[in-house]
Amino acid sequence: MPVDSPLVVRHPDFGLTPGTPVAWSPRRPEFACAANSVSLLMPHMEPYFVRAVAAAVPHLEGELRDRARAFCGQEAEHHHQHGQFNRLLVARHPRL
């Protein structure tokens with residue numbers, strides 16, 4: 001299964017601080033709330049995705065195997081980023 005470009009695991013720094021707004025869409029605050037609720041779910045989902053794909057890696061060959069490994073790294077990074085934002089979100093709204 002050829003692909004156009006390699007999957008690159010990015011490590012963004014969103015510069016989250018205690019003052020970072022969690023209602024980050026002032027024109028559409030309901031959208032920010034909906035997206036934030038998805039963010040709260042992702043640290044529970046991403047490890048599942050990583051385990052499922054990692055279990056398939058030994059059965060894959062070549063470039064597909066490499067992309068599957070990179071996908072696992074990418075999802076691990078997403079897990080980290082969502083965790084950082086979610087800690088900020090819960091600190092701001094402790095009842096979450």
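Start at 1 with the first residue, then count along the sequence.
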*Asks:* Between Phe71 and Val50, is any pair of side-chain heavy atoms under 4.5 Å apart?
*Replies:* no
*Asks:* Taking all non-hydrogen atoms of both residues, which atom of Gly15 and which atom of Asp13 are closest, and how far apart?
*Replies:* N-OD1, 2.9 Å
*Asks:* Tell me the closest heavy-atom pair linking Ala55 and His59, and the distance in Å.
*Replies:* O-CD2, 3.6 Å
*Asks:* Decide whether Val22 and Leu41 are clustered together by the hydrophobic rule: side chain heavy atoms of Ile, Leu, Val, Met, Phe, Trp, Tyr closer than 4.5 Å, transitively.
*Replies:* no
*Asks:* According to a 4.5 Å side-chain heavy-atom criterion applied to Ile, Leu, Val, Met, Phe, Trp and Tyr, with indirect links allowed, do Val38 and Met45 form part of one hydrophobic cluster?
*Replies:* yes
*Asks:* How about Glu75 and Pro47: do any of their side-chain heavy atoms sit closer than 4.5 Å?
*Replies:* no
*Asks:* With a 3.5 Å distance limit and no angle check, can you tell me whether Arg92 reaches the backbone of Thr20 through a side-chain donor-acceptor pair?
*Replies:* yes
*Asks:* Do the side chains of Met42 and Leu16 join up, straight or via other hydrophobic residues, at under 4.5 Å, putting them in one cluster?
*Replies:* no
*Asks:* What's the shortest heavy-atom distance between Ala35 and Trp24, and which atoms?
*Replies:* CB-CZ2, 3.5 Å
*Asks:* Minimum heavy-atom separation for Ala54 to Pro58, with atom names?
*Replies:* O-CD, 3.4 Å
*Asks:* Could you state the interatomic distance from CG (Asn36) to CG (Asn86), rounded to the nearest 0.5 Å?
*Replies:* 8.0 Å
*Asks:* Give a yes or no on whether a salt bridge exists between Glu63 and Arg65, defined as a side-chain N under 4.0 angstrom from a carboxylate O.
*Replies:* no
*Asks:* For a quick test of reading the model, state the closest non-hydrogen atom pair linking Val53 to Cys72 and the distance between them.
*Replies:* CG1-SG, 3.8 Å
*Asks:* Against Ser39, only a single residue in His78, His82, Gln81 fulfils side chain to side chain donor-acceptor pair (under 3.5 Å); can you say which?
*Replies:* His82
*Asks:* Could you pull out the closest heavy-atom pair between Ala68 and Leu60, with the gap in Å?
*Replies:* CB-CD1, 3.6 Å
*Asks:* With hydrophobic residues grouped by side-chain heavy-atom distances under 4.5 Å, do Val57 and Phe49 end up in a single group?
*Replies:* no
*Asks:* Less than 4.5 Å apart, side chain to side chain, heavy atoms only: is that true for Phe14 and Pro12?
*Replies:* yes
*Asks:* Would you give the length of the straight line joining atom CD of Glu77 to atom NE2 of His79, rounded to the nearest 0.5 angstrom?
*Replies:* 11.0 Å
*Asks:* Taking Arg95 for its side chain and Val90 for its backbone only, find out whether a donor-acceptor pair lies under 3.5 Å.
*Replies:* no
*Asks:* Within a radius of less than 6.0 Å around CD of Glu61, do more than 12 heavy atoms belonging to other residues, nucleotides or ligands occur?
*Replies:* no
*Asks:* What distance do Glu46 atom CD and Gln74 atom CD have between them, rounded to the nearest 0.5 Å?
*Replies:* 9.5 Å
